[in-house]
Amino acid sequence: MSSEGRMPPSERLLDNADRGRFELYRGDDLTGWLYYTHLKPNRYALQHTEVASDRRHQGVGGALVRQVLDEIRIREGTITAICPFVVDYLSRTNAHADVVDPRHPGYSDRAAAEAAAAKRRG
């Protein structure tokens, strides 16, 4: 059977609270993860997104962020965008504007988020 007729592997998002991250699986493979800090009352500071090196440039990061934002919306939570990738994602769409915490939105652009991340690393 040719690869053209195959369905893409199923995706599922897991909240690995013990590790403080959401994990995206395609089939049985862990393809990406997004570290967060869960703050009171129901706010998530989205800290850092990573994609498995063999899965880069395959849309994993975007799928991960979209699913995390959808999950937080279902939980009736809000987010503070600290991760440069998340900030960049949010800057390209208004689809998740309702999930951004109005009092603590995080960084407004990727350059500011990257500069802050570099400063934290020292």
Side-chain angles (χ1 to χ4, degrees):
M1 171 181 254
S2 74
S3 61
E4 292 176 27
R6 290 188 181 156
M7 295 291 293
S10 63
E11 287 185 342
R12 70 188 191 294
L13 182 72
L14 297 177
D15 182 354
N16 186 338
D18 291 340
R19 298 190 77 179
R21 69 186 196 180
F22 288 100
E23 300 173 340
L24 182 69
Y25 286 83
R26 285 189 173 171
D28 293 329
D29 298 327
L30 175 62
T31 59
W33 47 98
L34 197 160
Y35 288 97
Y36 66 87
T37 302
H38 191 193
L39 305 166
K40 303 291 181 199
N42 194 20
R43 181 165 52 103
Y44 295 80
L46 302 182
Q47 305 283 346
H48 179 70
T49 304
E50 292 186 37
V51 173
S53 60
D54 63 333
R55 297 302 178 109
R56 292 190 180 136
H57 308 291
Q58 297 178 23
V60 171
L64 172 61
V65 171
R66 181 180 45 29
Q67 288 187 43
V68 166
L69 295 173
D70 288 344
E71 177 62 26
I72 292 171
R73 178 183 285 141
I74 290 166
R75 295 177 183 189
E76 298 180 358
T78 60
I79 64 121
T80 297
I82 296 168
C83 169
F85 188 85
V86 172
V87 171
D88 188 54
Y89 180 92
L90 291 169
S91 74
R92 291 183 273 119
T93 180
N94 289 326
H96 293 94
D98 62 307
V99 181
V100 177
D101 190 292
R103 291 186 58 202
H104 307 284
Y107 295 103
S108 59
D109 62 69
R110 185 176 187 130
E114 286 177 346
K119 189 175 182 180
R120 283 190 305 272
R121 286 190 296 266

Contacts satisfying ring-ring contact (aromatic ring centres under 6.0 Å, His included) that involve residues 55-109 (not counting sequence neighbours) are none
Greater than 12 external heavy atoms within 6.0 Å of Asn94's CG = no
Nearest heavy-atom contact between Ile72 and Thr78 is CG2-N, 3.8 Å
Inset, instruction - Flag the pair Arg66 and Asp70 as a salt bridge only when some basic side-chain nitrogen lies within less than 4.0 angstrom of an acidic carboxylate oxygen. - result: no
Sorted by chain and number, sequence neighbours left out, side-chain hydrogen bond (donor to acceptor under 3.5 Å, both in side chains) with Thr37 holds for Gln47
Distance col, row Glu114:CD vs Asp109:CG, nearest 0.5 angstrom, shows 9.5 Å
Correct closest heavy-atom pair for Thr49 and Cys83 would be OG1-SG, 3.3 Å
Residues at least two apart in sequence or cross-chain that pass salt bridge (Lys or Arg N to Asp or Glu O under 4.0 Å) with Arg12, listed by chain then number, are none
Applying side-chain hydrogen bond (donor to acceptor under 3.5 Å, both in side chains) to Asp15 and not counting sequence neighbours gives Tyr36, Arg75
Gln67 meets the side-chain hydrogen bond (donor to acceptor under 3.5 Å, both in side chains) criterion, sequence neighbours left out, with Glu11
Practice prompt. Check the hydrophobic clustering (I, L, V, M, F, W, Y; side-chain heavy atoms under 4.5 Å; chains of links allowed) and say if Val99 and Tyr35 are grouped together.
Written response: no
The single option from Leu13, Val51, Leu69 that satisfies side-chain contact (heavy atoms from CB on, under 4.5 Å) with Leu64 is Leu13
Heavy-atom nearest pair, Leu39 first then Ala45, reads CD1-CB, 4.0 Å
hydrophobic_cluster_shared for Val65 and Val60, side chain cutoff 4.5 Å: yes
Sorted by chain and number, sequence neighbours left out, salt bridge (Lys or Arg N to Asp or Glu O under 4.0 Å) with Arg56 holds for none
Correct closest heavy-atom pair for Val87 and Ala113 would be CG2-CB, 4.0 Å
In terms of heavy-atom contacts, Leu30 and Arg21 come closest through CD2-NH2, 3.7 Å
Compute whether any side-chain donor of one residue and acceptor of the other, for Ser91 and Arg110, lie under 3.5 angstrom apart. no
Exercise. Determine, step by step, whether Arg55 and Arg26 satisfy the side chain to side chain contact (heavy atoms under 4.5 Å, CB included) criterion, reporting the C-alpha distance in whole Å, the side-chain angles of both residues, the deciding distance to 0.1 Å, and the verdict.
Key: CA-CA 10 Å; Arg55 297 302 178 109; Arg26 285 189 173 171; 4.2 Å; yes
Decide yes or no for Leu90 and Ile79: does some side-chain heavy atom of the first lie under 4.5 Å from some side-chain heavy atom of the second? yes
Query raised in the report: Would you say Asp29's side chain and Thr31's backbone share a donor-acceptor pair under 3.5 angstrom?
Result: no
Crowding at CG, Asp28 (>12 non-hydrogen neighbours, <6.0 Å): no
